[in-house]
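Below is one structure, written out as structure tokens; comments come after it.
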Protein chains: 4
Amino acid sequence: MRADARRNRERIVAAALDLFAEHGAGVSMEEIAQEAGLGVGTLYRHFPDRRALVEDIATGTLTALRDHVRAGADEAVSRWEVLVGVVRYCAGQPLALITRFSDASPKSETRSRLVHEIDALLADIVEQAQREGSVRDDLTPGQIVGLINVAVCRPGARADDPLATVILDGLSTASTRRGS
Amino acid sequence: MRADARRNRERIVAAALDLFAEHGAGVSMEEIAQEAGLGVGTLYRHFPDRRALVEDIATGTLTALRDHVRAGADEAVSRWEVLVGVVRYCAGQPLALITRFSDASPKSETRSRLVHEIDALLADIVEQAQREGSVRDDLTPGQIVGLINVAVCRPGARADDPLATVILDGLSTASTRRGS
Amino acid sequence: MRADARRNRERIVAAALDLFAEHGAGVSMEEIAQEAGLGVGTLYRHFPDRRALVEDIATGTLTALRDHVRAGADEAVSRWEVLVGVVRYCAGQPLALITRFSDASPKSETRSRLVHEIDALLADIVEQAQREGSVRDDLTPGQIVGLINVAVCRPGARADDPLATVILDGLSTASTRRGS
Amino acid sequence: MRADARRNRERIVAAALDLFAEHGAGVSMEEIAQEAGLGVGTLYRHFPDRRALVEDIATGTLTALRDHVRAGADEAVSRWEVLVGVVRYCAGQPLALITRFSDASPKSETRSRLVHEIDALLADIVEQAQREGSVRDDLTPGQIVGLINVAVCRPGARADDPLATVILDGLSTASTRRGS
DNA sequence: AATGAATGAGCCTTCATTCAT
DNA sequence: AATGAATGAAGGCTCATTCAT
């Protein structure tokens, strides 16, 4: 039964992820439970609170992102490729959630820490990319990380989002735009 | 009497604007009425519905923005200055509201129309700016408008927002960055 | 409408009093509202909380009792008559409430204070009664007050409750019982 | 296996007794099971119902009391001593339970029968005590039993409860109080 | 037989909306 | 026309009870 419980937990998270992504943070616990094919009680057995559920999803999403960035940082490819990989990864996720949630709940300690970790990792990568000459160096790494966040952490962001493309393109030194 | 009514309506809108900007979209009708110094009944005399109130605020904000952009377009200054003016104007508004509302309600016809109008006006200005040589032309006007929107229509955006600065700077041909 | 509101508040208290007395403290807010012929919302307009309602009832009942005891203390009759009057008064009330509530909620400051006030008033009266010779003096006033409380503050206590009679009788020096 | 089952049943009853006595009747089945070191399922194997559990506890407590009273009645000591023994016995039990439960559930047939049996036994003893001259005879045995119940069946009653002492003392003819 | 996960009715509470004054 | 009291649907959460393992 441990297996069953775990599966149910996963179902809940998946359902919540879907519903939040599609209908915003206003979705009711009942709806989430229903989408997961379970009773409310089960949902509350796994998460003591609505906040706990939201927190778990946000934390989970952010942790996965952090781990992805870390993994990317360790790969033996150019820093530029790493950055592009991160953007692509984010675009494949319903990261919109993170943005949406940040209004509602008072962002836990854990969540803030994760966000900072991710930003720090990204800033490192950007800095190295600047040194390797693939990213323009007239902006600070912090500014560039800000741009990446905006490009990627918006509701509705997608892999082929023109905005992401534009921003990435605008950061690259490889760009041959501009008469020059 | 008519004057009184108008004043009440304005008070309501102002109160709602303040509260939404400060405490998010969760504010109750009662709170809004109270902030306006009125009873709920009076609020409902002016707005049949919560949706109507929100819609009115969003529409009003967007209409003002459109008018501002139009007025800017008619001024005899460089298109670049017009763009900078638009960004500054937006930054002074609690435009965050627009973003916040866009999640909740299913954006009315009117609202979509206004957004399109604004984007079209901006695109025109951008195109002219590209012709006058003040904005880089390796991006389509549409892409650039997208960037401007992102820079400006986020919760918490401000006039001195580094991101806005960065994006504007990135769009300008005047920039001396990049060895060139 | 002020009048209406007041009447509704009174209806709520009366309904709660009835239901608590009859079915115990487990009665739901919905049931209370229904008994009062009102919607739940109205109940919550008058009492922010279940606790607030319970507290209000308990406090009201105890305040009335205290005032009654005080008034009795000021009357120019024998202290014995005052005691009998108090017992009769209590027996006419659904004082059972007080007892029942004392388990459930963590008895507020106000409530404790009222209980102490009442006990102190009664102890004074008892002491004077002992001096006037109408109450046996081989028990301390405190013990006697304890007996009175028990006689009177039980679920189901009534004016003609034999137990109250017995205890009063047992306290009186007038009793000619006991062969002597 | 049978032994195991019996032990579990006893654990459940003991746990419930403890928790009810300490935290009131609001304790959940889950908590009881946990206190007993068992799963809820096991609890429900032994008691089909919450009512069944409560009933069992009440019945058990009352049966034990009845047996104790019967045993006392058969002893070759003065009836007065028997009465004192009963009061002491009760005071050692969390008899408060009985009182608390009497509000909630509609007291079963069995329970009413036991209460009547006990009262009848006590009334007999009191009557004999009156004949033996140790208990005042200006009250009916029924009234005296009522007093004893009140002295003893209250939440928080203890062996050295001043009220019990006072009442017992008040019933005794041995008392030297009152000038006489 | 024991376990604890799942269930869902029911409770407390909030808030958009209506309506009597 | 303004007010704020009344309404009740709906949401979050608990807990007695059932059931799969």
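Since the model is a prediction, treat every value here as computed from it, not as a measurement. A, B, ... follow the sequence lines: proteins, then strands. Residue 1 opens every chain.
- Take the nearest nucleotide of DNA chain F for C/Gly39 and for B/Leu43: the residue whose nucleotide is more 5' is B/Leu43.
- Atom CG of A/Asp4 and atom C1' of F/dC19 are 12 Å apart (whole Å).
- Judged by closest nucleotide on DNA chain F, B/Arg45 is the one of C/Arg45 and B/Arg45 placed further toward the 5' end.
- A sub-4.0 Å separation between OP1 or OP2 of E/dA5 and a side-chain N or O of A/His46 is absent.
- The number of heavy atoms from other shown groups lying within 6.0 Å of CD (B/Gln34) does not exceed 12.
- By the 4.5 Å heavy-atom criterion applied to side chains, C/Arg111 and C/Leu114 are not counted as neighbours.
- Side-chain contact between B/Ile57 and B/Phe47 is absent, with no heavy-atom pair separated by less than 4.5 Å.
- Annotation: proximity of residues 7-15 of chain A to DNA chain E (heavy atom, distance under 4.0 Å) is found for A/Asn8, numbered in ascending order.
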- For A/Ile32 and A/Leu53, run side chain to side chain contact (heavy atoms under 4.5 Å, CB included): C-alpha distance rounded to whole Å, both residues' side-chain angles, the deciding distance at 0.1 Å, then the answer. CA-CA 11 Å; A/Ile32 296 171; A/Leu53 173 59; 3.9 Å; yes
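- Looking at D/His116, D/Glu117, D/Glu109 one by one, the single match for side chain to side chain donor-acceptor pair (under 3.5 Å) with D/Arg113 turns out to be D/Glu117.
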Polar-atom pairs under 3.5 Å, protein N or O versus N or O of nucleotides 15-17 of chain E: list them with distances, or write none.
unit_1: E/dA16; atom_1: OP2; unit_2: B/Met29; atom_2: N; d: 2.7
unit_1: E/dT17; atom_1: OP2; unit_2: B/Tyr44; atom_2: OH; d: 3.2
unit_1: E/dT17; atom_1: OP2; unit_2: B/Arg50; atom_2: N; d: 3.0

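- For the pair A/Leu38 CG and E/dG4 P, the computed distance is 20 Å after rounding to whole Å.
- Looking at A/Glu31, its side chain does come within 3.5 Å of a backbone N or O of A/Ser28 through a donor-acceptor pair.
- Considering only heavy atoms from C-beta on, B/Arg9 stays 4.5 Å or farther from B/Ile12 through its side chain.
- Put simply, the side chain of A/Thr61 does not reach to within 4.5 Å of the side chain of A/Leu65, judged on heavy atoms.
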- Convert the base pairs of DNA chain E into dot-bracket notation, remembering that pairs crossing earlier ones are written with [ ] and that bases paired across to another strand are shown as |; include only Watson-Crick or G-U pairs under 3.5 Å. .||||||||||||||||||||
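- By the 4.5 Å heavy-atom criterion applied to side chains, C/Tyr44 and C/Met29 are counted as neighbours.
- Side-chain contact between B/Phe20 and B/Val54: present, with at least one pair of heavy atoms (C-beta onward) separated by less than 4.5 Å.
- With rounding to whole Å, C/Gln34 atom CD is found 15 Å from E/dC11 atom C1'.
- No donor-acceptor pair closer than 3.5 Å links the side chain of C/Thr42 to the backbone N or O of C/Leu38.
- Atom C1' of nucleotide F/dG4 and atom CZ of C/Arg6 are separated by 16 Å, given to the nearest angstrom.
- A close approach under 4.0 Å does not occur between any side-chain nitrogen or oxygen of C/Thr42 and OP1 or OP2 of F/dA5.
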